[in-house]
Chemist: 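Structure in structure tokens, see below.
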Amino acid sequence: MPSLPSSVLSTIQLSTKDLHIPAFILSANVNYTFTVTVSLSSDSAASTVSSTVIFVAPSSPVAKVIGSNRVYRVFDSITLDATLSSDVDYPSSSSSLPSDMTFTWSSNFTNLTILPLHSHNATFNFPPGPVPIGTYWVLLIVQTRYGGSSSKLVYITIVAGTPPVA
């Protein structure tokens, strides 16, 4: 069983009936045992002990693709960026993506023979060269080491000439 460091224990507020633990203090996917001893101030020998186990379940990550659905021209360079994806169990890691997140990219674009692509890389590049006119889907699945996952489906439309201005 993990024990909480004294710096964490000092943030926990205890009153006569409540135990308040601030958000993000406990790690996900861990069992914690809390034990309370109650005794009379007039007779310390008169006491009782009670324990409970709390499991902190992991949450699913949030999959985000910057820009989502987009329109490109045939010869445009196409990069999809999922760096805003996050693991809500570890929000302090948002400045640099947590290493426990895996990104799986897949698409119906037939020239992407390397897909699905599993990596810790949050960006995906269409292969260089012309992309045939049409609409393609790209599916991003973000997974954490605890098995949580979420997905984001985006559509890429390829047009001739200049894409319309939004």
Side-chain angles (χ1 to χ4, degrees), residues 1-70 78-109 112-126 135-156 166:
M1 291 282 168
S3 61
L4 298 175
S6 60
S7 61
V8 170
L9 290 173
S10 66
T11 65
I12 297 173
Q13 299 172 3
L14 183 62
S15 72
T16 55
K17 63 177 181 158
D18 298 315
L19 172 68
H20 174 76
I21 301 172
F24 309 114
I25 294 295
L26 303 178
S27 295
N29 213 37
V30 174
N31 282 313
Y32 290 91
T33 301
F34 292 89
T35 303
V36 175
T37 303
V38 178
S39 59
L40 295 173
S41 58
S42 60
D43 181 6
S44 61
S47 66
T48 185
V49 177
S50 180
S51 293
T52 188
V53 176
I54 297 175
F55 176 69
V56 180
S59 299
S60 295
V62 177
K64 292 184 181 180
V65 177
I66 297 172
S68 292
N69 301 333
R70 291 199 178 180
I78 302 172
T79 299
L80 300 178
D81 183 346
T83 56
L84 291 181
S85 297
S86 60
D87 183 348
V88 295
D89 291 326
Y90 300 98
S92 61
S93 301
S94 61
S95 60
S96 62
L97 290 167
S99 61
D100 70 336
M101 289 174 50
T102 302
F103 300 86
T104 302
W105 298 91
S106 57
S107 176
N108 67 334
F109 180 57
L112 298 178
T113 56
I114 59 170
L115 293 179
L117 174 66
H118 306 279
S119 74
H120 291 287
N121 190 351
T123 58
F124 171 76
N125 297 304
F126 267 69
T135 299
Y136 305 96
W137 57 260
V138 177
L139 177 65
L140 166 66
I141 299 174
V142 178
Q143 294 177 301
T144 67
R145 65 179 163 191
Y146 301 118
S149 67
S150 73
S151 61
K152 177 69 177 177
L153 182 66
V154 296
Y155 291 93
I156 303 298

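Residue numbers start at 1 and run along the sequence shown. Atoms considered below: every heavy atom in the structure, side chains included; atoms not considered: hydrogens, waters and symmetry mates.
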Chemist: For Ile66, give me all partners under side chain to side chain contact (heavy atoms under 4.5 Å, CB included), at least two apart in sequence or on another chain.
Modeler: Arg70, Asp81, Thr83, Leu84

Chemist: Quick one, Ser151 with Thr104, criterion side chain to side chain contact (heavy atoms under 4.5 Å, CB included). Give me CA distance, side-chain angles, the key distance, then yes/no.
Modeler: CA-CA 9 Å; Ser151 61; Thr104 302; over 6 Å; no

Chemist: For Ala46, give me all partners under side chain to side chain contact (heavy atoms under 4.5 Å, CB included), at least two apart in sequence or on another chain.
Modeler: Leu40, Asp43

Chemist: Taking the side chain as every heavy atom from C-beta outward, state whether Phe55 and Asn29 have any atom pair closer than 4.5 Å.
Modeler: yes

Chemist: Kindly give the heavy-atom pair with the smallest separation between Ser149 and Gln143, and that separation in Å.
Modeler: CB-CG, 3.6 Å

Chemist: Please list every donor-acceptor pair under 3.5 Å in which a side-chain atom of residues 47-54 meets a protein atom from a residue at least two apart or in another chain.
Modeler:
residue	atom	partner	partner atom	Å
Ser51	OG	Thr35	OG1	2.8

Chemist: Verify side chain to side chain contact (heavy atoms under 4.5 Å, CB included) between Ile156 and Leu80, making sure each step is shown before the conclusion.
Modeler: CA-CA 10 Å; Ile156 303 298; Leu80 300 178; 3.8 Å; yes

Chemist: Please identify each residue that fulfils side-chain hydrogen bond (donor to acceptor under 3.5 Å, both in side chains) with Ser59, with sequence neighbours left out.
Modeler: Asp89

Chemist: What are the two closest heavy atoms between Trp105 and Thr123, and how far apart are they?
Modeler: NE1-O, 3.9 Å

Chemist: With side chain to side chain contact (heavy atoms under 4.5 Å, CB included) as the test, would you mind laying out the steps for Tyr32 and Leu26 before giving the verdict?
Modeler: CA-CA 9 Å; Tyr32 290 91; Leu26 303 178; 3.7 Å; yes

Chemist: Quick one: list whatever passes side chain to side chain contact (heavy atoms under 4.5 Å, CB included) with Thr144, sequence neighbours left out.
Modeler: Pro61, Asp87, Asp100, Met101, Tyr146

Chemist: Could you pull out all residues at least two apart from Val36 that satisfy side chain to side chain contact (heavy atoms under 4.5 Å, CB included)?
Modeler: Val38

Chemist: With rounding to the nearest 0.5 Å, note down the distance linking CG in Asn108 to CH2 in Trp137.
Modeler: 5.5 Å

